[in-house]
Protein chains: 2
Amino acid sequence: MTIKTKNTNTETDILNAAKNVFQRKGMDGARMQEIADEAGINKALLHYYYRSKKLLFEAVFKNAFKLLAPQLNNVLNDDSDIFEKIKNFTDSYISFVLKHPYLPNFIINELNRNPEFAQKLTEDKHFPSFEKFKKQINDCITAKIIRPLTPEQLFINIISLNAFPFIAAPLLKGLADISDKEYNVLIEKRKNEVAEFIINAIKL
Amino acid sequence: MTIKTKNTNTETDILNAAKNVFQRKGMDGARMQEIADEAGINKALLHYYYRSKKLLFEAVFKNAFKLLAPQLNNVLNDDSDIFEKIKNFTDSYISFVLKHPYLPNFIINELNRNPEFAQKLTEDKHFPSFEKFKKQINDCITAKIIRPLTPEQLFINIISLNAFPFIAAPLLKGLADISDKEYNVLIEKRKNEVAEFIINAIKL
DNA sequence: AAACGATTTAACTAAATGGTTAACAAAAGT
DNA sequence: ACTTTTGTTAACCATTTAGTTAAATCGTTT
């Protein structure tokens, strides 16, 4: 068994550098030279590992989505009851994004600029399915545990309340006149408050 | 009084073309040639009216924000009582974005890529102020009309629920397995449902 | 030591891109 | 009428950019 540490390292170094640059600047704003610099290698080696900018970008994007998908599955495919699920999801999602601050914006952004991407994603075997969540919500409504509303709307609301504060951070900070430090405190509190908010909105 | 129709038309033609291209492709993805084509003029004329890509972009961005600001003022600086305000805002905001689908994503996006922009915006005289809303919410809490929560969190929730479904449309369509047509129907329903959702969440 | 893969260097290409120039046309001012 | 200003164009320029190539170096394996 040969030690291919050096080999493997550069490859992930590149991927990591590319992630940083792409997430900061987007596909169009990113420069191959900048990625090479950030990875501590030269531009030729980039093309040695990933033939083109497009392929490198796709690798980064797939990686990013692979990271996000399990988070979404916390709400779509999890066995806990609806209120627990909402609590768990908000807490874990906010923790997750605090660790990967550029990720949601990156994904949403490139998905907007490239809607065929979304199409391709859904065709993937590992793409989260909506069915289980749909059934759970409809069952809760029948059992009069929550107010009647379509699963789709509830899902959109849950994701909106959790994801938007990160995506629109600069705007919201400006509008609500909050400093960076205060904003972080506020986000931290949302781990509980968002769940409460949603539960109050739907509980019967 | 001379008729400067021709003059004025090309200038706004450019601004309009630039708006379309910038909102579709972003600052980095947009090409001056494409803007010129869309405006039906020569590239040199772009630089005649707006000296550089940067200046043209800033003109487009300011215009976009000027369009959005009054919407935000519907929630921040309006005299109606809190429940009416929420209903009015969701209805009018959703109608507004249906007319300008690319606008929220454009603003949030470029604000993320360029956080100094946000700083500059807040310094503008016409930038919405948060004070009135803050007082209103705190008064409602004291009067036991709504549950206790900070005005900032409520504000973030309101904006999130209204704006995110547009910004993340491709992702949400994919996740909840909704066609474009169905999604529009769903958005239309949100004009009422989002307001209900929020009011249920906060009403005592 | 030969062979191999990983990596660097450095020069290069071809296309795209933002921006300029100079000349021309059309209005407006005199 | 003619001069000045404003609007518009085609051709051009300088720079940037993704991507290539070919030769050299270095480390590991055989």
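So that the names make sense, note that chain A is the first sequence line, chain B the second, and so on, each numbered from 1.
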Any side-chain N or O of B/Y49 under 4.0 Å from OP1/OP2 of D/dT8?
yes
Close approaches to DNA chain C from residues 29-45 of chain A, in residue order (heavy atom, under 4.0 Å)
A/I41, A/N42, A/A44, A/L45
In whole Å, I'd like the distance from the NZ atom of A/K53 to the P atom of C/dA15.
18 Å
Taking DNA chain C as the partner, which of residues 14-25 of chain A come within under 4.0 angstrom of it by heavy atom?
none
Can you check the B/D13 CG to D/dG7 C1' distance for me, whole Å?
13 Å
Show your reasoning for whether ring-ring contact (aromatic ring centres under 6.0 Å, His included) applies to A/F57 and A/F22.
CA-CA 7 Å; A/F57 178 81; A/F22 277 134; 5.0 Å; yes
As a quick check of understanding, evaluate salt bridge (Lys or Arg N to Asp or Glu O under 4.0 Å) for A/D180 and A/K173, giving each step before the final call.
CA-CA 7 Å; A/D180 287 11; A/K173 279 179 204 165; 3.4 Å; yes
I need the CD-C1' distance between B/E11 and D/dT8, as an integer number of Å.
15 Å
How about A/F89 and A/Y93: are their ring centres within less than 6.0 Å of each other?
yes
Separation of D/dC26 atom C1' from A/Y48 atom OH, nearest Å, is 13 Å
C/dG18 P sits how many Å from B/D28 CG, rounded?
10 Å
How many angstroms lie between OG in B/S160 and CZ in A/F166, if you round to the nearest 0.5 Å?
10.5 Å
Students often mix this up, so state it plainly: with edges at 30° and 60°, are the rings of B/F130 and B/F133 parallel, tilted or perpendicular?
tilted
Examine C/dT7: is either OP1 or OP2 under 4.0 Å from a nitrogen or oxygen in the side chain of A/T10? Give yes or no.
yes
So, B/T150 and B/Q153: side-chain donor and acceptor under 3.5 Å apart, yes or no?
no
Ring centres of A/F117 and A/F61 under 6.0 Å apart?
yes
Figure out the NE2/C1' separation between A/H47 and D/dT21, and round it to whole Å.
13 Å
Using a distance-only test with no angle check, is there a side-chain donor-acceptor pair under 3.5 angstrom linking B/N157 and A/R190?
yes
Can you tell me if B/N73 and B/N77 form a side-chain donor-acceptor pair at under 3.5 Å?
yes
